[in-house]
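Worksheet: the structure to be examined is printed underneath.
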Amino acid sequence: MPSTNSSSSAKPLPTIPPYDETKAISIKNLTFSYDAKTLPPTLRDLNLTLPRGSRCLLLGSNGSGKSTLLRLISGRHLAKPEGCITILGLNAFRDTRLNFHRSYLETGWGLQTVAFAGCGVPLMADIPVTSMMEKLQNAYPERRDELMGMLGINPEWRMHQLSDGQRRRVQLLIQLVRPFKILLLDEVTVSLDVCVRQDLLRWLEKESVDRGATIVYATHIFDGLDDWATHLFYITNTGSCGWQGEMRELDIYQKLKAENHPAKMLAIADHWLRKELEENRRQLRFEKASGEMAYQVDPTDHQGGYSSGRNIKMT
Ligand SMILES: Nc1ncnc2c1ncn2[C@@H]1O[C@H](COP(=O)(O)OP(=O)(O)OP(=O)(O)O)[C@@H](O)[C@H]1O
């Protein structure tokens, strides 16, 4: 697509003071509850340090707190103790300079509107792709063209006529077009086709290698991620840290790599999350058996009433 503007039209971004590049993202003793008075903590005593240019996968079961952690890093929630999360050396919640250097993409911002730098833009209006956040797109014409090519976006597409996957490609274009230092991704590849997803992952890797962008990515889809991440952060189903560090420090990963395992990340996730699931099921059976739930188990059912439910009586 021909450029309509020169890249010099991009306004200079607010500068970030020099920071320790080994700590692009730094989290110290983070415990977070949505309502400290009535709810137990969602996240417990988390610590994480990510250097500039790292790509960190967030792994955890449903409800473990991945989105919550990403929202805290993105500055949408206030973390306590105050200042326990710093991004590029700045307070993740309070420092508005970060709005220009940090990008956050989540599944939920999906289909109706996209919030970007405080503006709501309809994603389903009868407008062409080129009119979506036009000024922003035109501020970075080379990057826009590169992204449009990579995402296979036709500039003539009209937003109200797009499929979910096509609309998500446009969302990615808008959120990625301004060069970011920090990128937070919450399961954003859902509904992308397999080729675009692979190309996006490669493009993200290039951003971190060439420009030193730091990326945190929460997902349950591990295709194409076996050699993508430099770091891994596993949140358990109690919101605490199950494992964190560089991939090369993770023994099970090295073992699977040596075996040439075809789906290393999937195997690691399955190994850890299945343990949690089995423990959950065991506790559920125990609670049922001890009558703590609204069920009673028929003592003749040697499966504890769990497997078929046929011998469970409602109290
Ligand atoms: N606004 C909220 N108020 C109260 N509790 C919340 C809120 N949002 C999320 N939670 C709870 O916090 C916990 C973590 O939710 P979160 O969405 O961060 O998990 P997740 O790891 O991203 O899950 P998934 O893999 O299913 O997307 C869940 O138990 C959820 O019910």
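First listed ligand is number 1; within each ligand, the first listed atom is number 1. All figures in this text were calculated on a predicted structure; none of them were measured in a lab.
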Original post:
So, Thr38 versus Asp35: side-chain donor-acceptor pair below 3.5 Å or not?
Top reply: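 Distance-only check passes for Thr38 and Asp35.
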**OP:** Could you tell me whether the side chains of Thr86 and Tyr19 share a donor-acceptor contact shorter than 3.5 Å?
**Re:**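 Note: Thr86 and Tyr19 side chains miss the donor-acceptor criterion.
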Original post:
For ligand 1, is there an N or O atom under 3.5 Å from any N or O atom of Gly60?
Top reply: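 No.
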Original post:
If you measure every N/O of Leu39 against every N/O of ligand 1, is any gap under 3.5 Å?
Top reply: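 The answer is no, given that Leu39 and ligand 1 share no N or O pair closer than 3.5 Å.
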**OP:** Mark up the atoms of ligand 1 that fall under 4.0 Å of a heavy atom belonging to Thr68, in ascending order.
**Re:**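 Atoms satisfying the 4.0 Å criterion: 14 (C), 15 (O), 16 (P), 18 (O).
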Original post:
What atoms in ligand 1 come closer than 4.0 Å to a heavy atom of Asn62?
Top reply: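 So the answer, numbered in order with elements, is 23 (O), 24 (P), 25 (O), 26 (O).
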Is the shortest distance from a heavy atom of [X] to ligand 1 less than 4.0 Å?
X      : answer
Ser61  : yes
Ser64  : yes
Glu187 : no

Residue selection (non-hydrogen contact nearest [atom]) among [options]:
atom                    : options                    : result
atom 17 (O) of ligand 1 : Pro41, Gly63, Ser67, Ser33 : Ser67
atom 19 (O) of ligand 1 : Gly65, Ala218, Gly239      : Gly65
atom 12 (O) of ligand 1 : Thr38, Thr42, Leu72, Asp35 : Thr42

**OP:** Check whether any protein heavy atom sits under 4.0 Å from atom 30 (C) of ligand 1.
**Re:**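 No.
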**OP:** Answer yes if a protein heavy atom lies under 4.0 Å from atom 22 (O) of ligand 1, otherwise answer no.
**Re:**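 So far as the 4.0 Å threshold goes, atom 22 (O) of ligand 1 is in reach of a protein heavy atom.
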Beyond-backbone contact of [X] with [Y], side-chain heavy atoms, under 4.5 angstrom:
X      : Y      : result
Met247 : His231 : no
Trp228 : Arg55  : yes
Thr189 : Leu200 : yes

Original post:
Considering only the protein, which heavy-atom contact is closest to atom 5 (N) of ligand 1, and what is its distance?
Top reply: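 That would be Tyr34 CD1, 3.4 Å.
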Subject >> Main-chain N/O of Tyr104 paired to Gln175 side chain as donor or acceptor, under 3.5 Å >> reply: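 Yes; at least one donor-acceptor contact below 3.5 Å.
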**OP:** If the plane angle is over 60° it's perpendicular, under 30° parallel, otherwise tilted; pick one for Tyr234 and Trp272.
**Re:**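 The rings of Tyr234 and Trp272 lie parallel, inter-plane angle below 30°.
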Original post:
Which is it for Asn154 and Gln166 under the side-chain hydrogen bond (donor to acceptor under 3.5 Å, both in side chains) test, yes or no, and what are the steps along the way?
Top reply: CA-CA 10 Å; Asn154 178 343; Gln166 290 170 328; over 6 Å; no
Original post:
Can you name the side chain to side chain contact (heavy atoms under 4.5 Å, CB included) partners of Ala92, sequence neighbours left out?
Top reply: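 Partners of Ala92 by the side chain to side chain contact (heavy atoms under 4.5 Å, CB included) criterion, ordered by chain and then number, come out as Ile85, Ile87, Arg102.
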